[in-house]
There are 2 protein chains.
Amino acid sequence: MRRVAGAHRIDYNHAMHPLSVDRDLELPLSRQVADQLSRQIRDGALQPGERLPPSRNLAQSLGIGRITVMAAYKQLQTDGYVVTRVGAGTFVAELPITTTDVATASPLALTTWGEQAVAAERDHFRPKIPAHIEYDFGFGRTFPHAFPYDIWRKLLGRYLSTDDTLLSRYGSAAGFTPLREAIAAMVARRRGVHCTPDQIVIVNGVQQAIDVIARLLIAPGDEVLVESPGYTEAYELLTVYGARLRPIPVTTQGIDVTALPQDDAAQLVFVTPTNQFPRGGTLPLPGKLRLLNWAAAHGAFILEDDYDSELHYGGDPPTALQALDQHDCVIYLGTFSKVLFPALRLAYVILPQRLVPPFLAAKRLIDRGSPTLTQAAIADFIVEGHFELHMRRLRRTYRARRSALVQALQQLTPSLTDYAQLEAGLHVMARLPDGMDEARLVQLSAENHIHIMPGAPYHLEPQPPPSVLLGFSNIGVERIEAGVREFGRIIGTLP
Amino acid sequence: MRRVAGAHRIDYNHAMHPLSVDRDLELPLSRQVADQLSRQIRDGALQPGERLPPSRNLAQSLGIGRITVMAAYKQLQTDGYVVTRVGAGTFVAELPITTTDVATASPLALTTWGEQAVAAERDHFRPKIPAHIEYDFGFGRTFPHAFPYDIWRKLLGRYLSTDDTLLSRYGSAAGFTPLREAIAAMVARRRGVHCTPDQIVIVNGVQQAIDVIARLLIAPGDEVLVESPGYTEAYELLTVYGARLRPIPVTTQGIDVTALPQDDAAQLVFVTPTNQFPRGGTLPLPGKLRLLNWAAAHGAFILEDDYDSELHYGGDPPTALQALDQHDCVIYLGTFSKVLFPALRLAYVILPQRLVPPFLAAKRLIDRGSPTLTQAAIADFIVEGHFELHMRRLRRTYRARRSALVQALQQLTPSLTDYAQLEAGLHVMARLPDGMDEARLVQLSAENHIHIMPGAPYHLEPQPPPSVLLGFSNIGVERIEAGVREFGRIIGTLP
């Protein structure tokens, strides 16, 4: 259809659908034009050999610059949609095919692991966090108080000003060597852990460590012994690998070693011996030895999650389980996320010698190694003494808060019982009176702007005795008593 | 055995083995003492009820401070090895068991995946990098020239000075939202990719993206079509998941779409359509459409690795394959590692809508999401225009180098042929004369301090035609000609 309109001659290809451009879109106009024309060509609305409008004309009809249209045509030529012949114009290229008529995508066929992952997501417990929180007894995310950000910035800056030869030279799938050396010295000193730096691998958080271990050791149907109550978030990942979880009860002093099974089914035992999560309490020495003997005799590995070893307030923490291991069966996990800032997402695993090669093989395959820049900064942070200083500051702060919390609980909520005496961690788990509606209490608290965590999600048994977890990492010491008082008031309203 | 020696009474428990301390060790003396005593108690060398030497005496006999011994005893008490009775002394605690006699650890039973990972590590090709490199034609690691580190430091600093509420609020397993928005706009503008930010997931490098995709889609025995020569490092990971790789030949213009199989066996096709790696060249439009139609008809996903889309020097790069996808079957991969700094280890995957929920479920499980701090900085880096500026600088630099390299090859090493005309990427792949000993050439070059990469590891076929890859990301433009001249000399020495 040719329309001659005065001095502006507009040639329309009779098959070309009108284009439209929208200046309000972030997408550049030339890209909009190219996208639309390419679509028409692919669909066959514009046929091979047809001539596109001269750039000047199309520009005018769309009210955009000629250069914009020329840029669009250039992209179309680069992509192979058109051919520009100087002096003749721009023509749709020979295109033997158009996009197929297959209407719908074929159904998605996930692997078993994939389906398990989707199921886990569906069943995953998500705490309802109140929109407005007056008293925050949540936990898990520490907001470092007076974290020396200026020091951190300086350390990071050291490694940013040059090219990354230094980082490359000392980095590998295992992690930045100076950091592994610093950790080896630190855990020997602080935790009694015996290892060489070669046994240490830096990982993207404890979750990644568990993921790799599961991949190496857990086949569908394999049994894993877990504490209940326990760190169910980690267990979730194990079940996605097809692990069958066998819950072992927990006492006031860690896992009940008298309940360890007689058979050899279990491949792995997941424990928090230094401060049982979430109940609190330390596994005593005879219990540690019994657990180690059991693992050695049954050919199982022990996964020791030493997540809060830095957060013991009543003196140095008990020596790690790994220190007692003479059978190369303890896999030790430590993390920086709880004590530096969670955005770091860095942790380390200390492996029995025989697990080092497979773990490294896996780590290299799945991501080539954790980012080295932050590792270098953490290494200096440790070696130059800032880490220890920061830990002392944290411990002082949290000790005072825990103290205030326990005191307030004792005085103001006497119906809450059975909380750990061990001065450690970032929360207190307390038993509610038998028969109390735990979910209702959490709900009511949220409605009154108090954020607490229910205890049920940490248990594998379907109807555990009612309990709650009150964290103190997010609440200032001066607000704790008032918060517990208010919480006590709410408890009083329940039957 | 009691030995009375004047004023210094030294009580030795007759069963206690002598301790030894080493001041040269990094390990604190108190920890050394505690470790040794605890070992003796566990092994039964020291029996329950036996009295340890008074701290003063032990300190004297070891030549260390009394406070040091007291600290060791305190740790032993915390750990449960001893009991200190005021006025009476420190006594070995009741310990019903000692460590078991199981002599050797049971054999390591890895999963199939674990064994495959170990095998891959064993077979993994490791280029021999010369100790001293005169001319570095290696590639893969870019050393950013004039990377604006000061800007980067400032951006990181923005997010370090406050607590991480901001990062937590906008972070998730999918990644930092403002970054995903910035990427969506960027890929629409630069690559023609159509997506919403919700389709984008930030990952720890392309390797992690491939790992998650394999977990979701590849069961043992599943077939994956791959380019050969191709990005064999990625293929390695697929084989660990049990994938059967089916190599498809590569032309001067990308994957040979006429060689796509008729059957429905393949789950996945791995392609580099914008600039074929490693051969170079762009898949033309009819080939792209044919590939897409094929995938739609056969129910397969296409994994488009757009690794170097920013590194096109002869004008804007061809539009991405994903832009043409009307059947929701293209998984698009982009990375920052090649263009910022590799230590960052950050990449992104743009998923077909139906893969978003499973991918997110997996990502949350395996590491909860990539570290948010660098993501926030990259988002600002893009949105404030520094990224584009930096890319332009890089392209100028690399364009000049590639030009110099190709010119030098043409003039000085005419026996090298078949290198891509497309001005893109960080290397050139060249065919050697038939029958030339590729490995010997690489070896000789290394001995002459020239680092080049052999072509064979990039092929799946066992004896591909001999070829080499010459990179230019690590060598200054002024050295290229001399390097090629020297290389040509070495070629001349071969039969």
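Numbers restart at 1 for each chain; the letters A, B, ... are given by sequence-line order, proteins then strands. If you're wondering where the values come from, they're calculated on a predicted model, not measured in any experiment.
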Interchain contact, [X] with chain A, by part (heavy-atom threshold 4.5 Å):
X	value
B:Ile218	backbone
B:Pro284	neither
B:Gln208	both
B:Tyr81	both
B:Arg290	both

Under 4.5 Å from any heavy atom of chain B - which part of [X]:
X	answer
A:Ala323	backbone
A:Pro352	neither
A:Pro358	both
A:Asp316	both

Top contributor to chain B interface from [options] [non-hydrogen pairs under 4.5 Å]:
options	result
A:Gly114, A:Ala361, A:Ala214, A:Gly80	A:Ala361
A:Thr78, A:Val118, A:Ile366	A:Ile366
A:Arg189, A:Glu236, A:Lys74, A:Arg368	A:Arg368
A:Leu76, A:Val212, A:Asn204	A:Asn204
A:Gly205, A:Ala120, A:Gly192	A:Gly192

Any heavy-atom pair between the side chains of [Y] and [X] that's under 4.5 Å?
X	Y	value
A:Lys288	B:Arg42	no
B:Glu26	A:Glu181	no
A:Asp43	B:Gln326	yes
A:Thr319	B:Arg31	yes
A:Leu217	B:Leu108	yes

Between [options], which has the largest tally of heavy atom pairs under 4.5 Å with chain A?
options	answer
B:Gly315, B:Pro357, B:Pro317, B:Ser38	B:Pro317
B:Ala219, B:Gly314, B:Pro286	B:Pro286
B:Asp79, B:Asp367, B:Leu355	B:Asp79
B:Ala234, B:Ala93, B:Gly369	B:Gly369
B:Asp211, B:Asp222, B:Leu285, B:Thr112	B:Leu285

Check: Could you give the distance from CZ (B:Arg345) to OG1 (A:Thr374), rounded to the nearest 0.5 Å?
Finding: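 These two atoms lie 11.0 Å from each other.
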Notebook entry, point to check: Just by distance, do the side chain of A:Glu233 and the backbone of B:Leu365 share a donor-acceptor pair under 3.5 Å?
Noted result: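 No, because the side chain of A:Glu233 does not come within donor-acceptor range (under 3.5 Å) of the backbone of B:Leu365.
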Checklist line | Sidechain-backbone polar pair: B:Arg215 side chain, A:Trp113 backbone, donor-acceptor under 3.5 Å | finding: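 A pair under 3.5 Å: no.
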